[in-house]
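Remember, predicted model here, so these are calculated numbers, not experimental data. Lettering follows sequence order; numbering is per chain, from 1.
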Amino acid sequence: MSIFLDKNSKVIVQGITGREGAFHTARMLAYGTKIVGGVTPGKGGTTIESGQPVFDTVKDAVDSTGATHSIVFVPPAAGADALWEAHDAGIQLAVCITEGIPAHDMMRVCATTAGMRIIGGNCPGLISPGKSLVGIMPGHVFLEGNIGMISRSGTLTYEIVDGLTRAGLGQSTCVGIGGDPIIGTTFVDCLRAFASDPETHVVVVSGEIGGSDEEDAAAFIAEHLPDKPVVAFIGGRSAPKGKRLGHAGAIISGNTGTPESKVRAFAAAGVPVADRPSQIPELVAARLAKR
Amino acid sequence: MSIFLDKNSKVIVQGITGREGAFHTARMLAYGTKIVGGVTPGKGGTTIESGQPVFDTVKDAVDSTGATHSIVFVPPAAGADALWEAHDAGIQLAVCITEGIPAHDMMRVCATTAGMRIIGGNCPGLISPGKSLVGIMPGHVFLEGNIGMISRSGTLTYEIVDGLTRAGLGQSTCVGIGGDPIIGTTFVDCLRAFASDPETHVVVVSGEIGGSDEEDAAAFIAEHLPDKPVVAFIGGRSAPKGKRLGHAGAIISGNTGTPESKVRAFAAAGVPVADRPSQIPELVAARLAKR
Amino acid sequence: MVCKIPEPGMKLMEYQGKDLFRRVGIPTPSGVFATTAAGVKDYIAGHPGSWVIKSQVMMGGRGKAGGIKFADDAAQGETLARELIGKVLKSIQNPDGEEVKSLLVEEKVDIASEAYVSITIDRAAKKPVVLVTAQGGMDVEEVAEHNPEAIAKYWIDPAAGYAPFIGRRLAFAAKLPEGYRKAFPALLGALYTLFMEYGANLVEINPLVLTRDGRVIASDAKVDLDDNGLYKHPDIAEWNKQSPADEDQAAAVAIGLGMSNYAKFDGTVGIIANGAGLGMGTMDAIRSAGGEAANFLDIGGGAQAALVKKSYNLVTSDPKVRAMFINIFGGITRGDQVAKGIVEAVAGDDVRKVPLVVRLTGTNAEEGRAILAEAGFVPVETMDEGAARAVALAQGAA
Amino acid sequence: MVCKIPEPGMKLMEYQGKDLFRRVGIPTPSGVFATTAAGVKDYIAGHPGSWVIKSQVMMGGRGKAGGIKFADDAAQGETLARELIGKVLKSIQNPDGEEVKSLLVEEKVDIASEAYVSITIDRAAKKPVVLVTAQGGMDVEEVAEHNPEAIAKYWIDPAAGYAPFIGRRLAFAAKLPEGYRKAFPALLGALYTLFMEYGANLVEINPLVLTRDGRVIASDAKVDLDDNGLYKHPDIAEWNKQSPADEDQAAAVAIGLGMSNYAKFDGTVGIIANGAGLGMGTMDAIRSAGGEAANFLDIGGGAQAALVKKSYNLVTSDPKVRAMFINIFGGITRGDQVAKGIVEAVAGDDVRKVPLVVRLTGTNAEEGRAILAEAGFVPVETMDEGAARAVALAQGAA
């Protein structure tokens, strides 16, 4: 099993004829993703080289293909619009690759797209290895298996997964939740989904300094995932302490977002934290052995 | 039984120390309504003559009293704000007496207060005779019983109910849904509630020319209320045909809002339409006799 | 109220609508507003070229009625303007005609294509609805009747608001020519901003012109504002005071009623009621009794004595009124206040007295009936009874 | 990125923040912005009275650092301005100090009370959060620590937006003095408009002053804008170009990176990585290997060869850099493009050459490795290995 995405998920590409859209559409198709079409306004009625139809609007695409998943490759200024269009057309899950969508647009998007799961923005996407890839991840790094993976960073995900795969530890689903300030799906959302996936045996959470997502994840794990082992990594622990954003930031969550507070939170939840990505496979293997 | 309101409903009054608010609070208390407090910003901590506490905010009032119902007596420019405040504080049903809230404010209110039922604006409120009155209706006209009543107009409601009461036909709940262009609760919403109230035996729908609520109600009755007799009245049938609002209005619904179209719709749904309010009691009695 | 289906509003003249268009960034033709022939002459003299001179009237069909002219120089412009100003335009929609008091002089654009776009309120959906068709420049109702699939519709969620994909989708669905596509999403966004910010019942651009040089321009402007929202824009509310579009509205506002609380009809029985529903019901009862209402007047909720008196005077100022039926069922309106107003109204020397039938029940009815009794009035018991008596009095007095 | 927790942004000076305040209708003290002592003198000469002269700096604690003065006439104003302009202010928060380049001259208001209000983004809730306390004029973090219940909070639903009850509730909850109550809901609404329209990470008024004559005025202004939204306001983006607040940001933007994609540190190992996460992970790996990173540089997704070359030059322009570790795991970034950029960068005569370790894997890694091999580079296999080698090279070169 997998979460959010399986081999039957029908996917459309928003921005399919753009430079990045076209490049990654070909890669996703090569991986086996069921890409049923794409959207580029003004190019409706044409097809891309590999034969998939192009539509003027997401609604046309969904009506014609029955797509449930979408992946968004558009410039940041068009990102919110693309997500609203996907929601309006009935898309159930949208992966937003676009980086740098204004945070205030994203707050409004998140508040007005109930019923649609958004992954990202500024994320590498979603992969259920051996089944489907909706993202820009290098598919060959991944291996089908039972490890769930959630990460704020794209390239760090590949780094960690590469290690897992080399150690023979395949993955059920890997979710790059994205690095922008406001993202659609959090660690907790993913952990909740993994919790009810019997074929995910261990979950790897790859966090970063800043924000409070990791602390929230740790609290969720402690309360709701007693039987699902979790292993964590926190990137940026060597970074010099940065300037703070004004005064108000830290007061809201009562949380400093420092590496120490994150490591402490995971430790309290019984989650081992790797010092380096390369340590993760052994931590995972140890947890698997205990099952 | 009754819909929307029963004798245990805890009610607060928004604008309790204003002229209309104070006047109708006294009348509602006299009727037996469980008014547990009210709101007037800046008068928090005081009490009204009859002893109910006044709060600065709806949240304070709800937190202190456990109120679930609210009735709004504020100027039109403050109407939308009052409804948002009620929703935000967890009120479940708000009766909006205020007339003339801008339609665009109300569209936004209706789109952003999911979970709270709004009756009105520009409505006379809600009464479950013998149990509770949340509105400005003259309580003595009403009689406890088994007739449900829904009306777009305030004073026409009293007219019709007066006739029912004189004929010994008591009412379960009477809802004045309000006459403003955008209202929170429609005929159909009320019919749906009456449909599952076993102690409402006949429903009276009092409509008006214009709009398409009556046609929608007729369609709903035909489909969902096979076993609940309904009697209707359409006010304004003698009105000269008015000017139309631009071109676009009629095109949306494909509906002219004329008395003829409304009478036709009700007839098609098996609903007798009274020519005068004074005919309603006999139509109701006939329907009751057939049960 | 009954006469302004679906809802009461303040209609703007074309030049006023275009003023709002410019505030939100919708392109309009260049030009000038003029109230004199000299003004037209001076403008064209200063801006040589071909100009359209458009009569500023509320009525539909002004083109067919001869209200739109073309001028190629200042002298011609002056002549045409002199012809138009003061002219009474008549059309099928408006057989009584409407006098031209002002003109809009606009650049004559080279039209490649004409589209139609409007936003209005869908009361049932509680949402703004956008209509777009590529068949602009003609009556959209005809398009709706003969070619309904040519009209693309979209209901905007007021919580999410407008997003450009809505304009894109509509442009494709309505098959607008490609030249519209780039400008349309932003233009519709601006129109939605106008619709929401200014509280419009209707905003309509017909035609929305695509020029041969690739511009997309609002060639006409129809804007109808919700009068309940006018308080947010005192400058625009002022426009209406300067030139009220409707005499009945103006009369109602003058005595402190809402602008849609009064309307004059052709009958002989004057009516005052509290509440639009009861007012309409009273009109129906008058007709059932064999008469016709002279008016609709809703004193609204919570009316005080002074307003009742003013309303009495307004209704009886219509010489057709032969009898009056005041029908009050008190809820928020209190019977004693109404009774006091009636007594005061009829007591004055400055009022036209007509046979009066009063029906008073509901909140504080006892007190009210006592006040009336003291002044020598005996109220009737029911609406039907009151209607019958008022009709008889009106006919007897005829 | 790592150095601007919680998110990168463009901080405005007080006078710029107040410019935005005035655009949305938030009252600010009267006064003038000046960059010369003569400007201060002239203004006070033309507007006799008591004036506050405030140094325009980004740092906190400018009052304690002597950056705020009071003048009662033009001559005094000139003298004080001359003292302040060019002065380097130092505070605990900013031991390096910041040079004063401009001043804000403002009316000295008669303070009855000082409150605090801010709006910032709660990333976890995905909503704007408002903080209000009656204890204005002091450090809100101290209030939060010692008297947390004095801070009232409200999370605004971005779909519903702001409504006046929010301001009322916060004013009551924070126990603001009664004098604030009338003005506060509209003022907070304006602040929310600014926050959303201009895309602010933070808007803060501290203190929000209630004057003895009953006005409510924003006495200070702290505004931090999300740089991702700056494209919507080119006039404001221009402010930043004129005086970049941060040298690293300016350097990043100059070569076409995002303003938070580069930051300089104290170590000796230069870093280029693709992705902020991998960049941070690479820094961690350098420390694990016993070294320290000289910088953070994220070339972002989909970087082309030219950008890689410019990034190489930027990192090596720091003389502390003794070795370079380029760590690429290709996803949207293609290994061949990066390899090409590395080869081009190092081929130039105009670059400072430092020992270079490259790790290249992921998308188009094979092609990239072929390009590198052709140019004589042998990439390492893993990040740990690359970090270890780069640290060794940096230390060997020392």
Side-chain angles (χ1 to χ4, degrees), chain B residues 20 24 27 76-77 97 99-108 110-112 124 136-138 141 151-159 162 179-182 186 206 208-213 216 235-240 242-253 257 275-278, chain C residues 2-7 9 118 120-124 126-129 131 139-141 144 151 153 157-159 196 199 201-202 204 222 224 226 228-229 231-232 258 265 273-278 280-281 283-288 293 296 300-302 329-332 361-363 382-384:
Chain B
E20 298 301 332
H24 289 289
R27 290 175 59 90
I97 303 300
E99 174 181 353
I101 297 174
H104 300 70
D105 288 357
M106 277 305 285
M107 285 194 282
R108 290 179 50 230
C110 290
T112 54
I136 58 172
M137 293 151 162
V141 176
S151 175
R152 268 165 80 171
S153 148
T155 42
L156 203 54
T157 307
Y158 317 155
E159 189 69 49
D162 194 41
D180 273 355
I182 305 292
T186 61
S206 166
E208 279 175 17
I209 55 169
S212 61
D213 264 19
D216 294 345
R237 288 163 71 181
S238 70
K243 302 165 208 160
R244 300 273 280 290
L245 171 73
H247 293 280
I251 296 170
I252 311 156
S253 59
D275 284 325
R276 289 191 302 279
S278 57
Chain C
V2 50
C3 264
K4 327 280 161 170
I5 295 162
E7 57 264 340
S118 70
T120 185
I121 297 173
D122 182 344
R123 291 169 58 151
K126 302 173 196 174
K127 287 178 179 172
V129 56
L131 305 186
D139 189 339
V140 72
E141 281 184 318
I151 300 179
K153 303 173 191 176
D157 172 5
M196 291 302 286
N201 292 319
L202 170 76
E204 184 182 271
K222 186 177 279 177
D224 187 309
D226 173 16
N228 287 331
Y231 73 90
K232 297 180 186 176
F265 306 135
N274 64 321
L278 192 63
M280 285 195 263
M283 288 168 59
D284 295 345
I286 295 288
R287 176 173 293 181
S288 285
F296 167 95
F329 207 124
I332 201 165
T361 186
T363 305
T382 70
M383 176 158 79
D384 289 356

Item to check | Distance (rounded to the nearest 0.5 Å) between Met383(C) CE and Phe329(C) CZ | outcome: 10.0 Å
Checklist entry - Taking atom NE2 of His104(B) and atom CG of Asn201(C), what is their separation to the nearest 0.5 Å? => result 6.5 Å
Next on the checklist: I'd like to know if Arg123(C) pairs up with Asp213(B) as an ion pair, taking the criterion as any Lys NZ or Arg NE/NH1/NH2 lying under 4.0 Å from an Asp or Glu carboxylate oxygen.
Outcome noted: no
Checklist entry - Do Lys232(C) and Asp105(B) meet the salt-bridge criterion of a basic N to acidic O distance under 4.0 Å? => result yes
Checklist outcome for this item: Applying a strict 4.5 Å limit to non-hydrogen atoms, the region of Pro277(B) in contact with chain C is side chain
Checklist entry - Closest heavy-atom contact between Tyr158(B) and Val141(B)? => result O-CG1, 3.8 Å
Item to check | Proximal component of Asn274(C), with respect to chain B [non-hydrogen, under 4.5 Å] | outcome: both
Item to check | chain B interface, residue from Ala273(C), Ala293(C), Pro128(C) that has the most non-hydrogen pairs under 4.5 Å | outcome: Pro128(C)
Checklist entry - So, do Tyr231(C) and Pro76(B) sit near enough that their side-chain heavy atoms are less than 4.5 Å apart? => result no
Item to check | Contact summary for Gly277(C) and Ser153(B), nearest pair of heavy atoms | outcome: CA-OG, 3.2 Å
Next on the checklist: I need the residue from Gly281(C), Ala285(C), Gly362(C) with the largest number of non-hydrogen atom pairs under 4.5 Å to chain B.
Outcome noted: Gly362(C)
Checklist outcome for this item: Turns out that what part of Asp384(C) lies under 4.5 Å from chain B's heavy atoms comes down to side chain
Checklist outcome for this item: Whatever's closer than 4.5 Å to a heavy atom in chain C on Arg108(B) counts as both
Next on the checklist: Among Ile182(B), Ile101(B), Asp180(B), which residue has the highest count of heavy-atom pairs closer than 4.5 Å to chain C?
Outcome noted: Ile182(B)
Checklist entry - So which part of Ile97(B) gets closer than 4.5 Å to some heavy atom of chain C, the side chain, the backbone, both or neither? => result side chain
Item to check | Heavy-atom proximity to chain B below 4.5 Å, by part of Lys126(C) | outcome: both
